[in-house]
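Along the sequence shown, the residues carry numbers beginning at 1. All values reported here derive from a predicted model rather than from experimental measurement.
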Amino acid sequence: MLHGCFAINSIIFFFFFFAACFKLTSCPPNTANQNLHAYGIILIVILTTSLLIIVNCSDQALSTRERRAAKRREDAAKHARETAQARHRWKAAQDLSKIRQIGLQEQISRTFSRKKSSKQGGAMESMDKSQTSNDKKDSKDLTNMVRSIDDDPHGHDGFHMKIGDKNIKKNAPKGKQLHTHSQIFKYAYGQLEKEKAMEEDHSNMTFSGVISMATDTDVRSRPVIEVAFKDLTLTLKGKKKHLLRCVTGKLMPGRVSAVMGPSGAGKTTFLSALLGKATGCTRTGSILINGKNESILCYKKIVGFVPQDDTVHGNLTVEENLRFNARCRLSADMPKADKVLVIERVIESLGLQAVRDSLVGTVEKRGISGGQRKRVNVGIEMVMEPSLLILDEPTTGLDSSSSQLLLKALRREALEGVNICMVIHQPSYAMFKMFDDFILLAKGGLTVYHGPTKKVEEYFSGIGIVVPDRVTPPDHYIDILEGIIKPSNNMTHEELPVRWMLHNGYTVPPDMLELCDQIAKGSSDEKTQMGDDMDDHHGVVEEHSFAGELWQDVRCHVELHKDQVHLNFLQSKDLSNRRNPSILRQYRYYLGRVTKQRLREARLQAADLLILLLAGACLGTLAKVDDETFGSTGYTYTVIAVSLLCMISALRSFSLDKLHYMRESASGISSLAYFLSKDTLDLFNTILKPLVYLSMFYFFNSPRSTFEDNYVVLLCLVYCVTGLAYIFAIYLEPSSAQLCSVLVPVVLTLVATQEEQTGLVKYLGRLCFPKWAMEAFIIANAERYSGVWLLTRCASLRQSNYALSHWSLSLSLLILTGVISRFVAYFLLITFQKK
């Protein structure tokens, strides 16, 4: 009864409310349109309240989902730890019982050998039986617990502590058989506990344990990549400047190599050459992959590159960054549970458990620490299980403990056969000894040493360079190459690359033969003077005029862009033997990631909508409807305001994560999936923003055309300008793109609405999108007039070259422009990637 009364009261309340609102609408004398301002005020309150609710609830929805996932993960980890402890106790109890059984057998044998009486033997046996019964009673609960775990067909622990037990491995569920999140997490953490137990057992491994480990079929092996290079030389095009010169060596699988040298030694260039990404240079020499003359780009799906800058999405959590890359870059045939296992293994090895659910953070919003961010940057490449991992200064900005933690994680990767090469600065002595190979480069890209780390001091001491006490060897060698420290003998740093060539029997370049003679003579003073004379001679010969230097710079710039475009369109044969997820699946992964990012940026989205609300209310109030011009003034303001605001907000889709896209596309992730996911999410704004603007403008301006007609025109206009904004965001720098987004709508609208158009301006006015939008608006308004009302206003239509039959044509042109601009934007995205 009470519910019925409440419903009746509510109906009465809304009836009187809307009746009052209808009374608020008025039609003043000598006006052709009705005053609907009251409806606009009501909509402002409703929409503003809705935006506040959405902004405050969007983060809460994501947080609740993350807390539930964290709870399932913690339960699975706790279950795996308890199971591991139970199995460990069970194994210890079994070992103890075996020891007691052996002791009992020895004791019985001694008893019979001494021919004791049967009475004493019976007493001994009864005592042993009672002791055995007590042991069985004590371990009864543990036995039942472990047996229930082993016999449970729904358990997903995935391991057994006893080495050599094949029944457990056969009966354990595989990754493909797991479906729920709890089962997947139990499987992953169970495997992690198994790996920890195996690491502990390896330190005290028996012969049978070694045989079991060698015959274990569950261990996955990665493809092996060996990189050999001989006389590798890079010369800058147009300037004949050497960036690398006569570099010879080999990077072996399962080893960690460190590349060091002073500034300008070409360390990063050396990594770029190995990855096949050195643009603007002429390469001589050879690079062999697994002994074959093949491009490293053929293996890009199993090659990881960690850039020097931390290109990590700041509005995603640590786990979300790793999960996305694992999904898109691991094999499509790998079960989901195994992918989760890879992610969990990387998080644990890098020490990121405490911050896995924390946002990485941006410049404006504080997130995890710089060291943790650097480890996430490395983890993004580790989760795709590479066979070759190249890192550019991964320890820069880290303290000693964080650097050692990172290097230990990389060494564990090397144990699985991964070929790891990294540029590093100023490592501690303990870190330096953790590297297997050491590559030292001098200025100009010349090799000073390339070999095992444990033999570097032996080599340099053989040529008279001894490292002082309490000084790290690489720091001492780099100081010598910089000229800060002079060796005790009469040697100079220019001789060191030549000495390495002579030591290994490499060919010495012709322009460095004089150094060979000076080394043989041992007269460093004469060599120094001769070297100065040579430098002066070359300076005179290579001196160019200003025009010549300018021409060289232009040629170098053109060659750089030419090589970059060629690299983007280069199609290489895939030899990685890994099938990535399809474009459709990657599109789904991208869509989920972009949706999370937009929800976390809900305040920014709400600010855009609030600005549109205010713009609609202000412009609708200021622009009075004039029947003679069909309200063209208000529509002119509308085209400028909506185009400008929507283009500026659309710039954020591609301007803010260019570096992230370049890194992902270089690793083989689909560019089409990336572009379509961004455009799909922007379709939501394309649909919503015209509705928000019209909810204010329509009721404050009160045009004759219907709300639906105005919405359709604005929808086509927003779709058109969003595509143009994509072009500006992808091709231009952020500041230039913002400037174009402001100037283009204003200038083109002024051109389209100019009354007297002649020559080029006339044709330009017909081909710009503001003209089509204005024509559609005014035609929709003019169609509401009939008879004499329309005939008396035809002059206004003829003056602007508008026709009542062009409404569909104008909308089609707007949509066509939006589609073409998206094709152009995608072409620019895959063509003009900036280095």
S.K.: Once you round to the nearest 0.5 Å, how far does CG of Leu717 lie from CG of Asn710?
M.R.: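 If we round to the nearest 0.5 Å, Leu717:CG and Asn710:CG are 12.0 Å apart.
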S.K.: Could you go step by step and tell me if Ile380 and Leu322 meet the side-chain contact (heavy atoms from CB on, under 4.5 Å) rule?
M.R.: CA-CA 5 Å; Ile380 286 176; Leu322 299 180; 4.2 Å; yes
S.K.: With no hydrogens and no angle check, just 3.5 Å: does a side-chain donor-acceptor pair link Arg663 and Asn377?
M.R.: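 Yes.
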S.K.: Do Lys678 and Leu829 have side chains that get closer than 4.5 Å, going by heavy atoms?
M.R.: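 A side-chain contact under 4.5 Å is absent here.
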S.K.: Check whether any side-chain heavy atom of Met696 sits under 4.5 Å from a side-chain heavy atom of Leu614, and report yes or no.
M.R.: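 No. Closest side-chain heavy atoms not under 4.5 Å.
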S.K.: For side-chain contact (heavy atoms from CB on, under 4.5 Å), just list the numbers for Ser677 and Thr595, CA-CA rounded to whole Å, side-chain angles, deciding distance to a tenth of an Å, and then say yes or no.
M.R.: CA-CA 9 Å; Ser677 65; Thr595 302; over 6 Å; no
S.K.: Does Leu612 reach the side chain of Asp608, with side-chain heavy atoms less than 4.5 Å apart?
M.R.: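 Contact flag for Leu612/Asp608 side chains = no.
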S.K.: Mind checking the CD1-SG spacing from Ile820 to Cys720? Nearest 0.5 Å is all I need.
M.R.: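 So the CD1 of Ile820 and the SG of Cys720 are separated by 10.0 Å.
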S.K.: Looking at side-chain heavy atoms only, is the closest gap between Lys689 and Ser649 below 4.5 Å?
M.R.: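 The answer is yes; the side chains approach within 4.5 Å.
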S.K.: What I'd like to find out is whether the side chain of Leu732 reaches to under 4.5 Å of the side chain of Cys740, using heavy atoms alone.
M.R.: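 Yes. Closest side-chain heavy atoms under 4.5 Å.
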S.K.: Any side chain to side chain donor-acceptor pair (under 3.5 Å) involving residues 713-730? Give me the pairs, sequence neighbours left out, ordered by first then second residue.
M.R.: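 Checked against side chain to side chain donor-acceptor pair (under 3.5 Å) - neighbours excluded - the pairs reaching residues 713-730 are Asp679-Tyr726, Asp682-Tyr726.
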S.K.: Under the side-chain contact (heavy atoms from CB on, under 4.5 Å) rule, collect the residues that match up with Tyr637, sequence neighbours excluded.
M.R.: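 Here the qualifying residues are Leu619, Ala623, Thr633.
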S.K.: Between Phe684 and Gln605, is any pair of side-chain heavy atoms under 4.5 Å apart?
M.R.: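 No. Closest side-chain heavy atoms not under 4.5 Å.
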S.K.: So, Ser670 and Tyr587: side-chain donor and acceptor under 3.5 Å apart, yes or no?
M.R.: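 There is no such pair (donor and acceptor under 3.5 Å, judged by atom type) between the side chains of Ser670 and Tyr587.
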S.K.: Evaluate whether atom CD1 of Ile583 has more than 12 neighbouring non-hydrogen atoms of other residues, nucleotides or ligands under 6.0 angstrom away.
M.R.: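 No, CD1 of Ile583 has 12 or fewer neighbouring heavy atoms, counting only those of other groups under 6.0 Å.
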S.K.: Between the side chains of Arg329 and Glu664, is the shortest nitrogen-to-carboxylate-oxygen separation below 4.0 Å, so that they form an ion pair?
M.R.: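 Salt bridge absent between Glu664 and Arg329.
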S.K.: Check the orientation of Tyr590 and Tyr674. Use parallel for under 30°, tilted for 30 to 60°, and perpendicular for over 60°.
M.R.: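 Tyr590 vs Tyr674 ring planes: perpendicular.
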S.K.: Is any side-chain heavy atom of Gln597 less than 4.5 Å from a side-chain heavy atom of Arg600?
M.R.: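 Heavy-atom side-chain distance check fails, nothing below 4.5 Å.
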S.K.: Do Tyr661 and Thr311 have side chains that approach each other closer than 4.5 Å (heavy atoms only, starting at C-beta)?
M.R.: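 No. Closest side-chain heavy atoms not under 4.5 Å.
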